[in-house]
Amino acid sequence: MKVTAVSPANIAFIKYWGRKDHKLFLPLSTTNSMNLSNCLATTTAEFSKNHEKDEIVIIADNGEEKILKKDNGGKTALLFDFLDRARGFAATQLNVRIISKLNFPFQAGIASSAAGMSALAAAVFKSLDLKEKYEDKKELSREVRLMGSVSAARSVEDGFTECTFGETHEESFTQQIAPVDHWDLVDMVVVLKKDAKKITSDIGHKIAETSPFFEARIDYLKEKPEKARQAILDKDFDTLGNLSEVDTINMHAIMMTSTPPAFYFTPGSIDIIHKVYEWREKGIHVFFTFDAGPNPHLITTQSDLEKLKSEIEKLDYVDFTISNKPAEGTRFLDEHNF
Ligand code: DP6
């Protein structure tokens, strides 16, 4: 059966960086995020005796294509392992064709894997008729986590979500904090000219513990997910902003002090941080957060979006922006990619 699922990327407030367990991909602490309405992956999967081998193709919005191969290693190898696991659950040996379309460019540096992996898992499970794996979002999120991406696991639920810390596979899953219409936040992804992500997140999670500040991060993280969760529930912009900015700087401090060190910030990233402080002085509701890359995500409110856009237009090192509202999580569509 041909099945298509769509899923959003997301932006984390309290980041996932470093793991409790590298085999089960258990995050160090609970990590929470908002789904992004304009950063979507739409993925069609079909298992059939007509497919001579597994085929996975990702197509960006400008038509650029990536063909994934098992020997690419890293996350891609985990993805092929996932396909074998899913075939095992369904007791089938059929090959699969998967075509995933992104509505944003690869160069945006957005965690396309979060959107792509969650949509892919849902489409694969449904096309194998594994109801127990895709109807229960908790179980779907556990399986997505095992594909090597906690950030992707957060995308399966709607709106504002969290992937919980757990000591075991069972205990670490995604749940909703608040629905899509809870809060009219906007996440503007500001794509800077010349993006170069050199160290993958997977390597980053592994080397995080080499930072002399790793233990301090574990200690610092203790109450942060609960505080961020409460700030989301209370729609407390200033508190969420403060928690997020401190968290992203904390994460980048770990990155820069790991062995080998990972520097993701470019001069534009640092300049934007200073600009955010200035814009806040002018009364604009805005805070910044960065993933494992140089591009800031600026969180603002719908009412301040235009003011923020006109400030961004003045910056000559910005390539383009993508504005996102809170979005639904992984869901199925009737139209297919092939
Ligand atoms: C910095 O291993 O879940 O974005 O970066 O997409 O490969 P990818 O995913 P993952 O690491 C996420 C790292 C992060 C922080 C976060 O989203 O929590």
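Since the model is a prediction, treat every value here as computed from it, not as a measurement. Whatever order the structure lists them in is the order used to number ligands and atoms, beginning at 1.
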**Asked** Passes side chain to side chain donor-acceptor pair (under 3.5 Å), R154 versus T161? Steps please.
**Response** CA-CA 6 Å; R154 293 188 309 241; T161 77; 5.3 Å; no
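Within ligand 1, the atoms closer than 4.0 Å to a non-hydrogen atom of K75 are 2 (O), 7 (O), 8 (P), 9 (O), 10 (P), numbered from 1 in the order shown. Taking a cut-off of under 4.0 Å to the non-hydrogen atoms of H205, the atoms of ligand 1 that pass are 2 (O), 10 (P), 11 (O). Near K15, with a cut-off below 4.0 Å to any heavy atom, the atoms of ligand 1 are 15 (C), 18 (O). Which parts of ligand 1 touch V150 is read off a 4.0 Å heavy-atom cut-off, strictly below it: atoms 3 (O). Atoms of ligand 1 found under 4.0 Å from any heavy atom of S201, numbered from 1 in the order shown, are 2 (O), 5 (O), 7 (O), 8 (P), 11 (O). Those atoms of ligand 1 that come under 4.0 Å of a heavy atom in M251, given as number and element, are 1 (C).
Below 30°, between 30° and 60°, or above 60°: for W17 and H205 the angle between ring planes is between 30° and 60°, a tilted geometry. Ring geometry, F89 versus F125: the interplanar angle falls from 30° to 60°, so the pair is classed tilted.
Side chains of Y220 and V246 form a contact here, defined as non-hydrogen atoms less than 4.5 Å apart.
When non-hydrogen atoms are compared, ligand 1 lies under 4.0 Å from the side chain of R154 (C-beta onward) but not from its backbone. Proximity of A12 to ligand 1, defined as any heavy-atom pair under 4.0 Å, is confined to the side chain (atoms from C-beta onward). Counting heavy atoms under 4.0 Å from ligand 1, residue S151 touches it through both backbone and side chain.
Hydrophobic cluster membership for L26: L24, L146 (Ile, Leu, Val, Met, Phe, Trp, Tyr linked by side-chain heavy atoms under 4.5 Å, directly or transitively).
Taking any N or O of D202, backbone or side chain, none lies under 3.5 Å from an N or O belonging to ligand 1. When only interatomic distances are considered, the shortest N/O to N/O separation between S113 and ligand 1 falls below 3.5 Å.
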N/O donor-acceptor pairs under 3.5 Å from side chains in residues 180-190, not counting sequence neighbours:
| from | atom 1 | to | atom 2 | distance (Å) |
| --- | --- | --- | --- | --- |
| H182 | NE2 | I232 | O | 2.6 |
| D187 | OD1 | H297 | ND1 | 3.2 |
| D187 | OD2 | H297 | ND1 | 2.8 |

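Atom CG of L192 and atom CG of N295 lie 4.5 Å apart (nearest 0.5 Å).
With S172 contributing its side chain and G166 its backbone, the two residues share no donor-acceptor pair below 3.5 Å.
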